[in-house]
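Okay, so here's the structure we're looking at.
Just so we're clear, the structure is a prediction, and the values are computed from it rather than from any experiment. Along the sequence shown, residues carry numbers from 1.
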Amino acid sequence: ALNQNLRLDDFITWQLAGDLLPEPTLAQQVATGFVRMNPTTAEGGAIPAEFQAKNNFDRVETLGTALLGMSLTCARCHTHKYDPIPQIEYYQMMAFFNSTAESSMDGNRYEYGPTVKAPPDVAAWAQLEALEGALAKSAQGKHPAVTAKHNIESFPAIEARFVRFTITRSSASQPCIDELEIFAGSENLALASKGAKASSDGDFKHPTHKLAHINDGQYGNAKSWIAARNTGWVQIELPKSARINRIEWARDRQGKNGDRVPIGYRIEAGLKEGEWKVIASSKGRQPFKGGQLAKKLDELKKRFTSTLVARDLPKPRETKLLERGEYNLPKGEPLKPDVFAVMGTLPKDASTNRLGLAQWLTARGHPLVSRVLINRVWQRTFGEGLVRTPADFGLQGEQPTHPELLDWLAVELQDQKWNLKTMLRLMVTSRTFKQSSAYRIKVNDPENRLWARGPSHRLDAEALRDIALWASGLLDANMGGEGVKPYQPAGLWKALMHPGSNTKNYVTDKGTRQYRRSLYVYWKRTSPHPMMTLFDAPSRESSCVKRSRTSTPTQSLALLNEKQRVEMGRMLGQRLLNEAKDNAGRLNLLFTLVASRKPSAAERTACMSLLGKLKGRYADNDKDAQAFLSVGDSPRDKKFNAAEHAAWAQVSLTVLASDVALRVY
């Protein structure tokens, strides 16, 4: 969604209510996994009703933190005298989420319904879209001619009010359609009477949908599109917004093995009667390219994996206010879903479900959502937000440093059609962003509240790892898929797990999966990867919109000694030896890769001094050099002298552990 620059208002809508959109796409359904991201359990002593309440508390409070910039946790238990959200409105908001169809207990399974099958990674998504696009093009008659078949399976769903099906034979005195069926989804929409002859001019009945008639080709100025003696066609009227995904016709039982296949067929469709568009056709027995595409699509679908999605129950659960937030103390009358009165009302004609909630959040007149989102975009760009308490836009939080700028950006986000990339481009090309990050002697602004200098802050844990992976040439750029498990100290999971846990053993990945982006590192809530925790990645127990940034001696120790950091350092050193001819060029390349600039004079002097000392050390101790160069699974290029390679690897590792690589300047 981010790479394709999906509008942020659509992004929010898909995540909260993609399943409730009209005829939701697979991507829109998958997006609703956001609603399912609750801590789950199947522990023996757990009480289902309690976890039903906990799941919904999490959803309400995540929405408050992520989209409204406010904590709603207090309102779970009681009404504060001066707070704008009373307790009853908390539970009215909870009612939007209380009717999702999954069980509150996960049964100790990764997959617990509702789920859908989806492509396992981004490459498979691209393949799916390409195949569906090709099939859609095929269905519009832009493909090579296809073989006449009894069943036209799996052509893309099309909207139509009228469909006309034409057959042509070069023999038989009269064309004959024994049976014609049109399917929309799993529903059989239309069925022509068996045994109808082309000359019979009849109206055919269906319990819910009207069929027109079959004719001999002269009625309605229908013309044969293949030189033939007779043509028969059937015109069918469909319900509004029908989406056809399959058409079948039955066999004429006069030929070989009781069948005789028509020489050709032609299927036309239109939203209005008389406005026809060819959606499929055949001519003789030429290769059926659409069938080949359908076969490839079937093969791809065999690789699909299950993913959690949101669905609503046919009959909503009853929601009541819980006294003191206790699951077993409901009181009062059942509550209907509703939004916070202080922020307006649901849009006119909006449904009282998650889709209506999303429409309210993204409405032009909503006072908060665009302000909260654009503040976090500013925070990601500059290191701090215009409101420096992004989880608290209320009276207890900090006021914006530049309120008029925040107002303008919030409106501009909407005016730019919620285009995230446009807003990012606006920020990073601004004069404010392009300033030097050095302190300005004549400006008393130690916390940069006046934005008197450019951003300067330590990067997040994931970015630190990814930059080093990319610079070293190790990064596997494949996107999507299941979580990956890079090196970590042995026994961490086992020390924290009960004996029956299905995740007590951590098995390190092999091959390129070891070097995927940190976004894909498998995250166990009770035991996240230690390098992530060490550099202030949050626990993910609850929504976090601003991380802390610490600086500790342990961080320095890990940066110089953790297994993958050492491996990245030695592979970066190997890259420098491969791609630059001399020491000056190698140092320039190192800083260009890591800091997008050449080294300063002081940095050059320090690095060359370190390089000289390391070469001397390893020249006298080949065993140490070989040991250092064997850390990690990636093989080293043995054409390079071990002492020189180890020396450059250590220099690279040192630069990767310095502010040059750790901070934005």
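Using a 4.5 Å heavy-atom threshold, the side chains of T13 and Q359 count as separate. Between L357 and L63, the closest side-chain pair of non-hydrogen atoms falls below 4.5 Å. Side-chain contact between D58 and F97: absent, with no pair of heavy atoms (C-beta onward) separated by less than 4.5 Å. Two residues are said to be in side-chain contact when any heavy atoms from C-beta on lie closer than 4.5 Å; D460 and R380 meet this criterion.
Electrostatic pairing of K302 and E299 counts as a salt bridge here, judged by a charged N lying under 4.0 Å from a carboxylate O. A salt bridge links D415 with R364; the closest basic N to acidic carboxylate O contact falls under 4.0 Å.
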Please lay out, stage by stage, how S542 and T62 fare under the test side chain to side chain contact (heavy atoms under 4.5 Å, CB included).
CA-CA 7 Å; S542 60; T62 294; over 6 Å; no
Carefully, step by step, assess L297 and L128 under the rule side chain to side chain contact (heavy atoms under 4.5 Å, CB included).
CA-CA 7 Å; L297 183 61; L128 173 65; 3.5 Å; yes
Check the pair Y520, M479 against side chain to side chain contact (heavy atoms under 4.5 Å, CB included), reporting the backbone distance first and the verdict last.
CA-CA 9 Å; Y520 305 116; M479 296 177 63; 3.5 Å; yes
Side chain to side chain contact (heavy atoms under 4.5 Å, CB included) for L6 and W418? Distances and angles first, verdict last.
CA-CA 9 Å; L6 179 67; W418 298 81; over 6 Å; no
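Interatomic distance, NE2 of H529 versus CD of E462, reported as 11.5 Å (0.5 Å rounding). Between the CG atom of L16 and the CG atom of L361 there is a distance of 6.5 Å, given to the nearest 0.5 Å. Separation of atoms CG (L300) and CG (L293) is listed at 12.0 Å; rounding is to 0.5 Å. Rounding to the nearest 0.5 Å gives a distance of 9.0 Å between CG of L308 and OG1 of T32. Rounded to the nearest 0.5 Å, atoms CZ (R109) and OG1 (T40) are 10.5 Å apart. Within the model, atoms CE of M532 and OG of S518 stand 4.0 Å from one another, a figure rounded to the nearest 0.5 Å.
At least one test fails for R59 against the ring of F96: distance under 6.0 Å to the centre or angle within 45° of the axis.
Neither side chain, T508 nor Q514, offers a donor N or O lying under 3.5 Å from an acceptor on the other. Side-chain N/O atoms of K117 and S306 include a donor and acceptor closer than 3.5 Å. For the 3.5 Å distance criterion, the side chains of T100 and R354 fail to qualify, holding no donor opposite an acceptor. When only modelled atom types and interatomic distance are considered, N98 and Q52 share a side-chain donor-acceptor pair under 3.5 Å. Neither side chain, N478 nor D121, offers a donor N or O lying under 3.5 Å from an acceptor on the other.
A donor-acceptor pair under 3.5 Å is formed between the side chain of R36 and the backbone N or O of V309. R516 places a side-chain N or O within 3.5 Å of a backbone atom of G480 that can act as its donor or acceptor partner. Listed for the S351 side chain is no donor-acceptor partner under 3.5 Å among the backbone atoms of N353.
Around NZ of K417, the count of heavy atoms belonging to other residues, nucleotides or ligands within 6.0 Å does not exceed 12.
Closest heavy-atom contact between P24 and L21: CD-O, 3.1 Å. In terms of heavy atoms, V377 sits closest to T381 at O-OG1, 2.8 Å. When all heavy atoms of Y515 and L469 are compared, the closest pair comes out as O-CD1, 3.9 Å.
Between Y522 and W493, the two ring planes are tilted [angle within 30° to 60°].
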